[in-house]
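Just so we're clear, the structure is a prediction, and the values are computed from it rather than from any experiment.
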Amino acid sequence: MTDQLHAVIAGAGVGGLAAAIALARANVRVTVLERAADIEEVGAGLQLASNATGCLRELGVLDAVLRHATTPEQVRLRRARDGKDLARMPLGPIAELRWGAPYIVIHRADLQRVLLDRCLSDPLIEVKTGVNVMGFAVANDGVEIGARQGENPVRITADFLIGADGSRSALRERIGLGLSDQLVWSGRTAWRALVPSELAPAFARKLETGLWLGPKAHLVHYPLRQGEIINVVAITEDHWRAENAPDFWEIAGEPADVSPRFARWHEDARALIGAVAEWRRWPLFDRAPARRWSVQRVAVLGDAAHPMVPFLAQGAAQAIEDAAALGAAFTKYASNVDAALVDYQGARVARAAAVVMASRRQGSIYHMGGPMALARDLVMGRLGPHRMMTQLDWLYDYRARG
Ligand SMILES: Cc1cc2nc3c(=O)[nH]c(=O)nc-3n(C[C@H](O)[C@H](O)[C@H](O)COP(=O)(O)OP(=O)(O)OC[C@H]3O[C@@H](n4cnc5c(N)ncnc54)[C@H](O)[C@@H]3O)c2cc1C
C-alpha cells in the first residue's frame with residue numbers, strides 16, 4: 001500500500017476549487033491556499049455550456065449547481081443598428097439532448113459557493129484563506145511551497161503543486177514558459193453590470209441569452225437567479241497601450257463611460273444600457289497558447305494555464321475541464337505524480353489552445369463593420385439553428401476522458 005498523495009493548490013477560484021474536488025475524488029489529500037482573506041462575491045454572470053456542466057456532473061456537483069442556475073431557452077442574435085433578428089439557436093432541452101448536459105447561466109459567486117461548500121464538506125480537502133503563495137522549490141520527490149499569511153512566512157511540503165492563481169499567475173512565471181510568454185492586451189474592454197429585473201426592459205427579462213452585434217462592439221445579456229437580476233456585458237474597443245491597461249476585478253465604470261458608445265444602437269439595446277447604475281470594467285487579455293503546462297512537480301490550471309478573451313464564454317468552462325482531466329489523470333496513475341501530470345498536460349494543452357484561438361477569432365467576427373458585417377449577417381441568417389449547433393459540437397460535446 002502506498003502513502004496518500006498530498007497536493008497544494010494555489011488559488012480558490014472556480015478552477016482551483018474544482019481541481020480540489022477532482023483530486024479528492026482520486027483520493028489525493030488537498031490543501032487549497034487562497035491569498036484573499038475571504039472568498040468573495042466577485043465577478044458577475046457566467047454561461048456554462050454543456051462541456052462544463054458535463055464535467056461538473058463527473059465531479060458530482062452538477063445537481064447542487066443547477067439549484068442556483070438558470071437554463072436559457074435560446075440564444076438570440078440581433079443587429080445593433082435596427083434590432084433585427086440575425087439568428088436564433090435553441091438551448092434548453094434541445095442543447096441537453098444534443099450535447100449530453102445542460103447549457104446554463106449562473107452567478108459566478110453562486111458557482112464558487114457550491115464548489116467551496118463541497119470542498120469544506122470533504123475530509124480530504126482543507127481551504128486556507130489569507131495565504132499568499134510566493135514560490136516553491138522542487139525536490140526529488142516533492143515540492144516545498146513558500147507562502148505568507150499576513151507577515152508570517154508559511155512553509156508547506158506536498159507531492160505536487162497546482163497553480164490555479166489566475167491569468168496573472170505568479171506560479172506560471174516561476175515555472176518559466178519562455179520569454180515570449182506574456183499577457184497579450186486584446187484592445188477590448190468588457191463592461192459588466194447587474195440590473196435588478198424590475199428596472200430592465202421587458203425583452204431582457206426573457207429566458208434567453210441575447211447577443212447584439214455592432215461595429216467594434218457587442219452586447220450580451222441574460223437573466224440570473226430565477227430572473228431576479230439581468231447580467232449585462234458590453235464589449236468595446238479601447239486603445240490603451242498594454243502596460244497602461246488597468247488590472248481587472250477592481251475597477252468601477254460610470255454610465256457616462258459606456259452609454260455614448262452605444263448611442264447609435266437600437267432603442268432596446270440603449271434602454272438596457274441606460275438601466276445600468278454602475279459598471280465594472282474588465283480590460284481583456286489572453287496569452288498565446290503554451291505547449292507545456294507542467295514542469296517537474298508543478299502544473300498550471302484554469303486562467304493560469306490558458307487565459308482567453310471571453311467571446312466564446314469558455315474561460316471557466318475550460319478551467320472545469322482542466323480540473324476533471326487532472327482528477328482523471330490521478331485516478332489512472334494513482335501515486336505516480338510524474339505520469340499523472342504528463343497525462344494531464346497531454347489531455348489538455350491542444351484542446352485549450354484551440355479554444356483560446358477560436359475565442360480570438362470570435363471577437364473579430366463579432367466586431368466586424370461595413371461590408372464584412374453584411375456578409376457575416378447574411379451567412380448567419382442562412383445557417384439555421386441546426387447548422388449553428390453543428391458548428392459548436394467540437395466545443396460543447398466534450399468529456400474529460402474524451
Ligand atoms: C467579461 C468576462 C466574461 C466571462 N464570461 C464567461 C462565461 O460566460 N463563461 C465562462 O466559462 N467563463 C467566462 N469568463 C472567464 C472566467 O471568469 C474565468 O476564466 C475563470 O473565472 C477563471 O477561473 P480561475 O479559477 O482559473 O481563475 P481566477 O478566478 O482568477 O482565480 C484565481 C484565484 O487565485 C488567487 N490567487 C492569485 N494569486 C495567488 C497567490 N499567489 N496565492 C494564493 N492565491 C492566489 C486569486 O485571489 C483568485 O481567487 C469571463 C471572463 C470575463 C472577463
Within the distance-only criterion (no hydrogens, no angle test), does the side chain of [X] pair as donor or acceptor with the backbone N or O of [Y] below 3.5 angstrom?
X: Glu34; Y: Ala36; answer: yes
X: Asp165; Y: Ala170; answer: yes
X: Arg29; Y: Pro123; answer: no
X: Thr331; Y: Gly327; answer: yes
X: Arg192; Y: Gly45; answer: yes
X: Arg188; Y: Leu284; answer: no
X: Arg172; Y: Gly163; answer: no
X: Gln4; Y: Asn27; answer: yes
X: Gln112; Y: Ala12; answer: yes
X: Asp322; Y: Gly302; answer: yes

Determine, for [X] against [Y], whether the closest basic-nitrogen to carboxylate-oxygen distance falls under 4.0 angstrom.
X: Asp181; Y: Arg287; result: yes
X: Arg118; Y: Asp122; result: yes
X: Lys84; Y: Asp377; result: no

Starting at CD of Gln226, measure out to OG1 of Thr70 and round the result to the nearest 0.5 Å.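 Those atoms lie 5.5 Å apart.
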
Separation of Ser186 OG from Met308 CE (nearest 0.5 Å):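 These two atoms lie 13.5 Å from each other.
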
Compare all side-chain heavy atoms of [X] with those of [Y] and state whether any distance is below 4.5 angstrom.
X: Asp286; Y: Ser359; answer: no
X: Glu321; Y: Val355; answer: no
X: Leu111; Y: Val65; answer: yes
X: Leu219; Y: Ile273; answer: yes
X: Trp99; Y: Asp393; answer: yes
X: Trp191; Y: Val276; answer: no
X: Val232; Y: Trp279; answer: yes

Applying the side-chain contact (heavy atoms from CB on, under 4.5 Å) test to Asn231, which of Ile106, Val195, Thr209, Leu224 qualifies?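 Single pass found, and it is Leu224.
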
Arg168 charged N/C atom sitting above Phe285 aromatic ring, 6.0 Å / 45°: yes

Taking the six-membered ring for Trp and the single ring otherwise, decide whether the centroids of Phe160 and Tyr344 are under 6.0 Å apart.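 That pair fails the under 6.0 Å test.
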
Arg174 CZ: over 12 foreign heavy atoms closer than 6.0 Å: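 Atom CZ in Arg174 is not packed in, count stays at 12 or less.
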
For the CD atom on Glu173, are there more than 12 heavy atoms of other groups (residues, nucleotides or ligands in this structure) within a distance under 6.0 Å? yes

Which is it for Asp257 and Arg281 under the salt bridge (Lys or Arg N to Asp or Glu O under 4.0 Å) test, yes or no, and what are the steps along the way? CA-CA 10 Å; Asp257 294 330; Arg281 195 168 85 178; 5.1 Å; no

Please find the pair of heavy atoms, one from [X] and one from [Y], that lie closest to each other, and give the distance.
X: Ala316; Y: Leu48; answer: CB-CD2, 4.4 Å
X: Trp265; Y: Ala217; answer: CZ2-CB, 3.7 Å
X: Pro223; Y: Val105; answer: O-CG2, 3.4 Å

Pair Asp63-Arg67, salt bridge (Lys or Arg N to Asp or Glu O under 4.0 Å): steps then yes or no: CA-CA 7 Å; Asp63 289 343; Arg67 284 197 277 280; over 6 Å; no

Aromatic plane relationship, His221 with Trp212 - under 30° parallel, 30 to 60° tilted, over 60° perpendicular: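 Because their plane-to-plane angle lies in the 30° to 60° range, the rings of Trp212 and His221 count as tilted.
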
Would Thr390 and Arg98 satisfy side chain to side chain donor-acceptor pair (under 3.5 Å), going step by step from the backbone distance to the final call? CA-CA 10 Å; Thr390 306; Arg98 183 177 186 98; 3.2 Å; yes

Side chains of residues 290-298: which donor-acceptor pairs under 3.5 Å do they make with residues two or more places apart or in other chains?
unit_1: Arg292; atom_1: NH2; unit_2: Gly176; atom_2: O; d: 3.3
unit_1: Arg297; atom_1: NE; unit_2: Asp338; atom_2: OD1; d: 3.3
unit_1: Arg297; atom_1: NH1; unit_2: Asp159; atom_2: O; d: 2.9

